[in-house]
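Note that the numbering runs from 1 along the sequence shown for the chain.
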Amino acid sequence: MTKKLTDSKVTEICGLLDGWRGPLTWELLIGGVKGLLGVNYTRQALSAHDRIATAYRVRKNILASMPIAAPRGSVEMVAAQDRIARLEAKVARLEEENARLIEKFVRWAYNASLRSLDEAFLDSPLPSVDRERTKLPTAVKSASKP
């Protein structure tokens, strides 16, 4: 039985994809995730998460346009080049995620306007949570007793 993909696991998988080198397939990613998290997920489970699917697609496009030559120079230079490549991949992935969220926001704003919901209503604060209200009222307690 596989464990549920939590937000933190999705973030770790996206980080794995940001630093991916070499050929990228779903099968190779599944193996990489198993090595990283110790859990064997299916392609369907991974691709069902928009963030993972977006990170996969963005990284695949970056890898297709990257030269095959290995980085050259001192150990520090190679480490710096690797860090720059990882950060550039992360920026590309986050820009794609941001564009998708903006599209979603525009869609929500349009649908809200169709229902005559204005910005003031949509920006109203959430109700406060009463954490002390865990006890049943006295009338309910006495009614539940035999």
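Taken to the nearest 0.5 Å, the CD1 atom of Ile102 stands 13.0 Å off from the NZ atom of Lys104. In this structure, the separation between NE2 on His49 and CG on Asp7 is 8.5 Å, given to the nearest 0.5 Å. Summarising the geometry, atom NZ belonging to Lys9 is positioned 10.5 Å from atom CG belonging to Leu36; distances are rounded to the nearest 0.5 Å. One distance of note links CE of Met77 with CD1 of Ile84; it measures 8.5 Å at 0.5 Å rounding. Once rounded to the nearest 0.5 Å, the distance linking CD of Glu97 with SG of Cys14 reads 6.0 Å. The CG atom of Leu29 sits 5.5 Å away from atom CG of Leu46, with the distance rounded to the nearest 0.5 Å.
In terms of the side chain to side chain donor-acceptor pair (under 3.5 Å) criterion, Glu88 has no residue partners (sequence neighbours excluded). Applying the side-chain contact (heavy atoms from CB on, under 4.5 Å) test to Ala89 and every residue at least two apart in sequence or in another chain returns Asp18, Arg59, Ile62. Applying the ring pair (Phe, Tyr, Trp, His ring centres under 6.0 Å) test to Trp108 and every residue at least two apart in sequence or in another chain returns nothing. For Glu96, the side-chain contact (heavy atoms from CB on, under 4.5 Å) test picks out Thr54, Arg57, Val58, Arg100, with sequence neighbours left out. Partners of Ser65 by side chain to side chain donor-acceptor pair (under 3.5 Å), not counting sequence neighbours: none found. Taking the side-chain contact (heavy atoms from CB on, under 4.5 Å) definition, one finds that Ser47 meets it with Trp26, Arg43, sequence neighbours left out. Partners of Val91 according to the side-chain contact (heavy atoms from CB on, under 4.5 Å) rule, which considers only residues two or more places apart in sequence or in another chain, are Glu95.
Residue pairs that meet the ring pair (Phe, Tyr, Trp, His ring centres under 6.0 Å) test with at least one member in residues 76-96, sequence neighbours left out, do not exist here.
Under a hydrophobic clustering in which Ile, Leu, Val, Met, Phe, Trp and Tyr are joined whenever their side-chain heavy atoms come within less than 4.5 Å, directly or via other members, Ile52 and Leu94 fall into different clusters. Both Tyr56 and Leu28 are part of a single hydrophobic cluster, where members link through side-chain heavy atoms under 4.5 Å apart.
No side-chain heavy atom of Ile30 sits under 4.5 Å from any side-chain heavy atom of Tyr41. Leu5 is not listed as a side-chain neighbour of Val39, based on a closest heavy-atom distance of 4.5 Å or more.
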side-chain contact (heavy atoms from CB on, under 4.5 Å) between Asn40 and Val33, worked out | CA-CA 7 Å; Asn40 198 21; Val33 169; over 6 Å; no
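Here the shortest heavy-atom pairing between Gly15 and Arg86 reads O-NH1, 3.2 Å. Closest non-hydrogen pair, Leu17 versus Ala55, comes out as CD1-CB, 3.7 Å.
In terms of modelled atom types and a separation under 3.5 Å, the side chain of Arg51 and the main chain of Arg93 share no donor-acceptor contact.
Around NZ of Lys60, the count of heavy atoms belonging to other residues, nucleotides or ligands within 6.0 Å exceeds 12.
Clustering of Ile, Leu, Val, Met, Phe, Trp and Tyr by side-chain heavy atoms under 4.5 Å joins Phe105 with none of the others.
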I'd like a table of donor-acceptor pairs (distance under 3.5 Å, sequence neighbours excluded) in which one partner is a side-chain atom from residues 109-129, with atom names and distances.
residue	atom	partner	partner atom	Å
Asn111	ND2	Arg107	O	3.3
Ser113	OG	Tyr110	O	2.6
Asp118	OD1	Phe121	N	3.0
Ser124	OG	Phe121	O	2.7

